[in-house]
Amino acid sequence: AAHAATILYRFVSIVPQTQIKARDALLACVYIANKAQKAKKWRKLTAVLEAGYKSWYPGTKFDPEREEVIKLEQRVLDAEQDMLKQLEFDVFVRDMDTLEQSVSRMQIQSIESLFSFAFGPQILGAGANLWLKYGMNYIFAASAAVLKANLEEIISSLDLIPLKVAEAFKLIVEYAKYGKHTGDKAPAHKALESDKSVLEKYIPKIEESCMQLAQKGAAKIHNLNTSRQRCLAIGKANCRNYAIRRVSSTLVKNHVLKHLDGIEAESGCSIYLGPSATPLYEDITIEGPWRAVAIADQLLRSTTEALSTLPPAVDASVGTAVTSTLQVKTNAGLVEAREVCTSGGWDGTLHPASSKQTAEKQLGGKNCVAGRVSAIALRDSGLRWWIPRAKGSSPSGSFTDMFSIRRRDGDELDELANMANTLEGSSTFPLLCSLQDTSESEEKDEGRESPRIAVSLQRWPTEKVELKEEMRGRKSKRLAGGIGFSAGGLQEMQLLTILHSLVPSPHGHPNFVLPIAIAIPGQEDQETTAPPPMETGDDPMFSLFKSNRENEKAAMKEKKVKNSPHLIFQPCPFVLHKFLSKKKSDIGNLLDSPAVVSAWFHDLISGLVHCHSNNIILRSIQTDQILLDHSGVAKFSGLYRASVQGLEERRHARGLMSVVKELKRSG
């Protein structure tokens, strides 16, 4: 219910005026939240409609074969599709798992009382101001304060800010729907059935308690549970910061600057150029996961002979605590499928392939397809931070602090205009670019193409999952009959959202694929019967010398990418299955290296521990679903078969295998 309320308030805040009826939107939100959950088997749309009928028309018999119900079902499916696109698939919540873990350690009586207060109808209807600003964790903690639960333990286990808990309680008092609830199915708490003057008396005491917890909050880090400490350690290892100090500005200008973009793309690190304490010298800062930092440092030194004598890198992250919980890059955007090109792999990007044959070898089959998307498409989708930086970024992120501006001998304003036109174009910085010579600026705009960004993608959901869901939908004899958007796809994204959000790092957990965007076909793409022509490359058109069967296969491959949803994630050139299936002569002595194999096992075990500590069971590990990025880090993908232990299962200490067998029997 809390998940559905969050989706509804997000939609209302983004689309205040819509043609969707209120009841259709509400049922669609409940249906989306129902399908996105893994702890329990999701219900069919018929069950959601029946619950709606019982609430809105008490005493009326629900007949799924009635024409009125069939039309309602179709309207709900249409509303679901429209809402997913309007929300850009932002229908997932991060607080779910941490809340359930905290609840699992409480007494059953306390849980029932807290849930009836925090997630009862009175607070669910409190509005977007409460639910979008604070979320279910803060609402739960504020409710616990009213019911005299152990507030300190709840705030510590949920990693909350005490003063925000007090603010959330004030909004609950102000916006809660007071009065006796008419429904008999939804839980309602007696404290909310009177007027709000009863709860206003709690405000001074709760504010005082939260203030005391905030004052001693810095000393509570040692009391964090093992799972939280592990997440902090992973976040710290994922944000290493090494500095190469006192590098000559001349050396940076002549040798370093022109190789930075390629090194960043190949290693997955961020490299910054900042002024050193010594005049005419620069500090090169390499930021990223520890393995990627080591690769970037080696690539930088091996680029030219002049850079082989660089000073040793110094760990600048020693003694710094990872306190940020901002997850900027864990929200996947929405990109039209026509903007993604897979023919030619990563040609034309910072990850070029020498030939089409080389590009095909890099493909990880259907689970890891190499592709590229334009920078303009990412920027229009709100994914500006996925566009690689250029010309040596500054630590502050400001143009004026960039190396080429600070070390400019001539007019700085002219150089700023030139850089703005090169990086973004006159459409983004019209005033700054207007300072350039008009003829020169127009000439650059005409010959300038949007840079292509290398990505990897896989069908979302997989063909096997989609076929299984279609068979389930066909069992219904009614007209609507479908299940709407794939439940398997929504469940996978919900699990990835939880797993990544628990780690305080911009890229989440390093051993799971991080979704960048979702490629959804447009209406014209879905109606297209013939595949679009392939882009120029080694094979720009279907060969006349190929058989008709080969041409049909090539056409279908291109059509599938265009006409079905795909999950876009970071470039991963390899799949573990490829290494295991190839002959030893093809891969050299790679698998004979204990360091490589132990590193992969470390990654896989780290991912498994993260899943199990958050009550997620993968159930099966398939090598064609384990991807390897440019740093050699192994990443899990395809979490469709994963299961989540429910609240009751967590309370009873049972063997993991018995839980898996029971979940498998229940489907």
Going by the angle between their ring planes, with limits at 30° and 60°, are H500 and F512 parallel, tilted or perpendicular?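 Rings of H500 and F512: perpendicular, as their planes differ by over 60°.
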Can you tell me how the ring of W386 sits relative to the ring of H507, calling it parallel under 30°, perpendicular over 60° and tilted otherwise?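 W386 vs H507 ring planes: perpendicular.
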Quick one: ring pair (Phe, Tyr, Trp, His ring centres under 6.0 Å) partners of F89, sequence neighbours excluded?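 Partners of F89 under the ring pair (Phe, Tyr, Trp, His ring centres under 6.0 Å) test: W460, F485.
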Calculate, to the nearest 0.5 Å, the distance between atoms [atom1] and [atom2] belonging to [X] and [Y] respectively.
X	Y	atom1	atom2	result
D347	T349	CG	OG1	7.5 Å
I286	I295	CD1	CD1	11.5 Å
I139	Y134	CD1	OH	10.5 Å
E208	L213	CD	CG	11.0 Å
R301	I263	CZ	CD1	11.0 Å
Y272	E264	OH	CD	7.5 Å

Identify the heavy atoms of A332 and M493 that sit nearest to each other, and give their distance.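 Closest pair (atom of A332, atom of M493, distance): CB-CE, 4.0 Å.
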Keeping the roles fixed (side chain from W346, backbone from G371), state whether a donor-acceptor pair exists under 3.5 Å.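 Pair found, side chain donor or acceptor close to backbone of G371.
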Going by side chain to side chain contact (heavy atoms under 4.5 Å, CB included), name the residues that satisfy it together with R246, two or more places apart in sequence or in a different chain.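 Once residues adjacent in sequence are excluded, the partners of R246 under the side chain to side chain contact (heavy atoms under 4.5 Å, CB included) criterion are S276, T278, Y281.
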Applying the salt bridge (charged side-chain N to carboxylate O under 4.0 Å, His left out) test to R291, which of D297, D603, D629 qualifies?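 Among D297, D603, D629, the one that satisfies the salt bridge (charged side-chain N to carboxylate O under 4.0 Å, His left out) with R291 is D603.
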E88, CD atom: more than 12 neighbouring heavy atoms under 6.0 Å: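 More than 12 heavy atoms, drawn from other residues, nucleotides or ligands, come within 6.0 Å of this atom.
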With heavy-atom distances below 4.5 Å as the criterion, would you say the side chains of Q458 and F569 are in contact?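 Side-chain contact under 4.5 Å: yes.
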